[in-house]
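Please read the structure below before turning to the comments.
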Amino acid sequence: MLIKTGRDGYIHPTSSEITPQAVYRQRREMLRLLATGAAGAALASWAGREALAQSVQRPGKLAALAGQKSSVAGAVTMEKVTEYKDASSYNNYYEFGTDKGDPAHNAHTLKTTPWTVEVDGLVKKPGKYALDDLLKLGAQEERIYRLRCVEGWSMVIPWVGYSLAQLLEKVEPQPGAKFVEFHTLADPKTMPFVGSRVLDWPYVEGLRMDEALHPLTLLAFGMYGEVLPNQNGAPVRLVVPWKYGFKSAKSLVRVRFTDKEPKTAWNKAAANEYGFYSNVNPNVDHPRWSQATERRIGEDGLFAKKRKTLMFNGYEAQVGQLYAGMDLKKNY
Amino acid sequence: MAAPAARGRRALLLHPAAKPVLFIAALLPFAWLFYAALTDQLGANPQEYLIRSLGDWTLRFLCLTLAVTPLRTIANQPALLRFRRMLGLFTYFYACLHLLGYAWFDMGLEFDEIARDIAKRPFILVGFAGWLLLTPLAATSFNRAIRALGAARWQLLHRLVYAIAGLAILHFFWMRAGKNNFTEVAVYAAILGVLLGWRAWRRLRPAPRAAAVRPAAGR
């Protein structure tokens with residue numbers, strides 16, 4: 001028997017990770033009904049379990065953008081959702097400043113209407129897509145994802161959007177397209193730090209085609225039942241929950257299909273620290289700190305220990321096969 | 001200490017309340033952080049905020065400590081020397097809190113983990129070395145230690161502060177290196193550069209003019 005003590009550090013489940021008793025009981029009940037062939041009648045109440053999981057409070061600050069609960073595997077974590085106040089005030093969005101509080105202070109200058117996203121490169125249907133058309137392209141879903149920043153903190157955020165795959169199906173990448181590049185807005189007039197030398201603007205991120213097509217990869221338009229706040233990447237951003245936060249590019253203006261691995265912003269800035277893949281991996285340290293643990297924002301008390309970081313941020317069951325046979329120490 | 005016919009600024013510096021006032025002022029950052037932590041005013045990541053603020057204050061007090069001698073000479077205010085020891089000890093106070101914050105908030109007080117982290121990461125090692133070198137300076141800051149060591153040896157030991165300043169800047173620089181965000185690092189480096197550069201420049205000046213200031217007291 002494996003005996004775990006405090007010396008193991010960080011690995012004790014928190015109450016928020018434990019399945020609520022009602023849900024647990026319902027699962028049992030479901031199995032019993034399945035066994036007796038009465039499952040059909042019970043399906044309606046089984047679907048109602050999501051209502052038990054958690055209800056996300058709308059902060060009432062921005063325009064509403066509701067999404068139906070997602071049925072994608074792994075898309076709705078049961079963990080306690082981070083407070084909107086923290087998720088919208090503690091941001092890395094360097095176009096608006098390098099301090100965590102800067103984006104919330106400075107991003108009001110960002111103009112999100114009108115907004116178009118250009119699709120180009122190795123794609124059959126290139127063109128400029130207006131935000132309104134993108135909003136209607138798929139049914140909006142609520143996805144409650146863990147977000148793990150490369151800096152060692154994490155949040156749980158209820159995003160609203162749909163799988164990026166739906167956009168990809170619509171624009172039809174050519175067979176030669178192996179990667180997707182995401183370009184984010186770099187407007188020196190509204191973004192005060194685009195003139196700085198912190199990064200090579202515009203911010204560029206990228207995914208391999210199979211990563212982009214994975215159902216968990218989200219094109220997000222909102223969070224907490226409302227449209228995205230500017231500091232969180234309004235009006236449309238990417239969310240890739242099994243990768244470090246910086247892979248999820250904000251305020252997208254261009255999606256480009258290519259046959260070459262994209263030169264991403266952080267990889268260009270410090271290749272020894274930020275690789276192309278940047279999958280959340282507790283076994284591969286950042287050169288300046290361990291990635292084995294993380295601080296869940298707003299949840300732990302001041303002196304609480306950090307929690308253990310999960311492989312692929314806990315989405316290993318869903319995405320592990322994308323990296324089968326790859327050396328993730330080399331392809332960090 | 002021979003009090004000159006004190007007037008104006010000099011009178012303020014020699015006022016009996018000057019030291020207690022400075023002591024309270026130097027405690028204010030700590031008091032504010034303590035109060036803000038209790039009342040949840042440190043933002044979304046209070047642990048990170050505390051560690052970084054304590055590091056900032058360590059660096060600020062280091063700059064203040066090293067500014068005493070140049071200011072004293074340039075402004076011709078010998079009375080400033082009265083405050084140097086207290087400023088130096090507050091540098092150590094904030095350095096200890098900064099280290100404690102790292103050990104507690106970041107490392108969960110797991111001492112084997114901390115030892116491994118120090119050995120593995122140059123940026124932590126350099127910061128830890130700075131704190132380590134600061135410790136004998138703080139430990140020999142009382143009058144009897146000065147007498148026991150002898151003024152010359154005591155002064156030689158306390159010149160370690162120049163190396164500590166270099167380590168502190170390197171620690172800060174490395175911490176920011178991944179994000180190429182060096183503005184603040186450059187500001188502190190410039191301040192420390194001026195403070196140390198002034199000393200080097202004075203030392204290299206032709207002897208006759210150097211004799212005008214009392215070399216035994218100068219640093």
Side-chain angles (χ1 to χ4, degrees), chain A residues 6-10 82-92 94 97-102 104 149-155 193 196-200 246 265-266 268-274 285-290 292-308, chain B residues 33-54 56 97 100-128 170-186:
Chain A
R7 302 291 300 164
D8 298 331
Y10 318 115
T82 301
E83 275 187 58
Y84 181 83
K85 166 175 73 77
D86 291 338
S88 62
S89 70
Y90 189 77
N91 307 104
N92 280 321
Y94 281 18
T98 49
D99 192 86
K100 295 281 191 305
D102 289 344
C149 178
V150 71
E151 296 166 343
W153 52 267
S154 62
M155 295 184 182
F193 282 73
S196 77
R197 288 160 54 202
V198 174
L199 282 170
D200 195 2
F246 68 87
W266 281 114
K268 277 196 283 182
N272 61 325
E273 302 194 1
Y274 311 103
D285 285 352
H286 185 278
R288 281 175 289 125
W289 56 83
S290 162
T293 61
E294 66 199 43
R295 165 94 49 213
R296 180 63 54 82
I297 294 299
E299 191 172 297
D300 306 323
L302 198 55
F303 297 107
K305 283 191 174 179
K306 296 186 188 177
R307 60 173 59 212
K308 223 176 163 173
Chain B
L33 288 173
F34 192 82
Y35 169 77
L38 284 183
T39 53
D40 194 20
Q41 290 185 63
L42 297 177
N45 193 341
Q47 293 90 350
E48 179 190 73
Y49 188 91
L50 281 175
I51 296 171
R52 293 192 180 173
S53 297
L54 291 166
D56 287 346
L97 289 176
L100 181 68
Y102 152 80
W104 202 334
F105 302 141
D106 264 1
M107 308 306 289
L109 290 180
E110 304 240 353
F111 292 101
D112 44 346
E113 287 288 326
I114 294 169
R116 230 172 304 163
D117 205 43
I118 291 170
K120 193 170 176 183
R121 301 178 210 287
F123 125 83
I124 300 285
L125 176 69
V126 161
F128 185 72
L170 186 60
H171 174 64
F172 194 28
F173 171 84
W174 247 330
M175 184 225 157
R176 291 285 175 85
K179 300 207 161 182
N180 297 324
N181 181 15
F182 298 125
T183 317
E184 278 174 79
V185 181

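All values reported here derive from a predicted model rather than from experimental measurement. Each chain gets a letter, A, B and so on, in the order its sequence line appears, and its residues count up from 1.
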Worksheet item: Which pair of heavy atoms, one from Trp153(A) and one from Asn45(B), lies closest together, and at what distance?
Response: CB-ND2, 4.2 Å
Worksheet entry | Contact origin within Thr82(A) toward chain B - heavy atom pairs under 4.5 Å | neither
Worksheet item: Within a radius of less than 6.0 Å around OH of Tyr35(B), do more than 12 heavy atoms belonging to other residues, nucleotides or ligands occur?
Response: no
Item to complete: Could you grab the distance from atom CZ of Arg176(B) to atom OG1 of Thr98(A), nearest 0.5 Å is fine?
Response: 7.0 Å
Practice prompt. Against chain B, label Glu151(A) side chain, backbone, both or neither, depending on which of its atoms sit under 4.5 Å from a heavy atom there.
Written response: side chain
Discussion item. Pair Leu302(A), Leu50(B) - check side-chain contact (heavy atoms from CB on, under 4.5 Å), show working.
Written reply: CA-CA 10 Å; Leu302(A) 198 55; Leu50(B) 281 175; 4.1 Å; yes
Worksheet, complete the sentence: Ala44(B) and Ile297(A) have their tightest heavy-atom pair at O-CG2, 3.4 Å
Worksheet item: Tell me, side chain or backbone of Asn92(A) under 4.5 Å from chain B's heavy atoms, or both, or neither?
Response: side chain
Fill in: Asp285(A), part contacting chain B, at a heavy-atom distance under 4.5 Å
side chain
Discussion item. When you measure from the side chain of Gln47(B) to the backbone of Gly301(A), do you find a donor-acceptor pair of N or O atoms at a distance under 3.5 Å?
Written reply: yes
Response to the item:
chain B shares the most heavy-atom pairs under 4.5 Å, among Glu83(A), Arg197(A), Glu273(A), Lys85(A), with Glu273(A)
Item to complete: Go through Asp106(B) and Lys306(A) one step at a time and tell me if the side-chain contact (heavy atoms from CB on, under 4.5 Å) criterion holds.
Response: CA-CA 8 Å; Asp106(B) 264 1; Lys306(A) 296 186 188 177; 3.4 Å; yes
Fill in: Chi angles and distances behind the side-chain contact (heavy atoms from CB on, under 4.5 Å) call for Arg295(A), Phe105(B)
CA-CA 9 Å; Arg295(A) 165 94 49 213; Phe105(B) 302 141; 4.0 Å; yes
Worksheet item: Do you know the tightest heavy-atom contact between Met175(B) and Arg288(A)?
Response: O-NH1, 2.7 Å
Practice prompt. Might you confirm whether atom OH of Tyr49(B) has over 12 heavy atoms from other residues, nucleotides or ligands at distances under 6.0 Å?
Written response: no
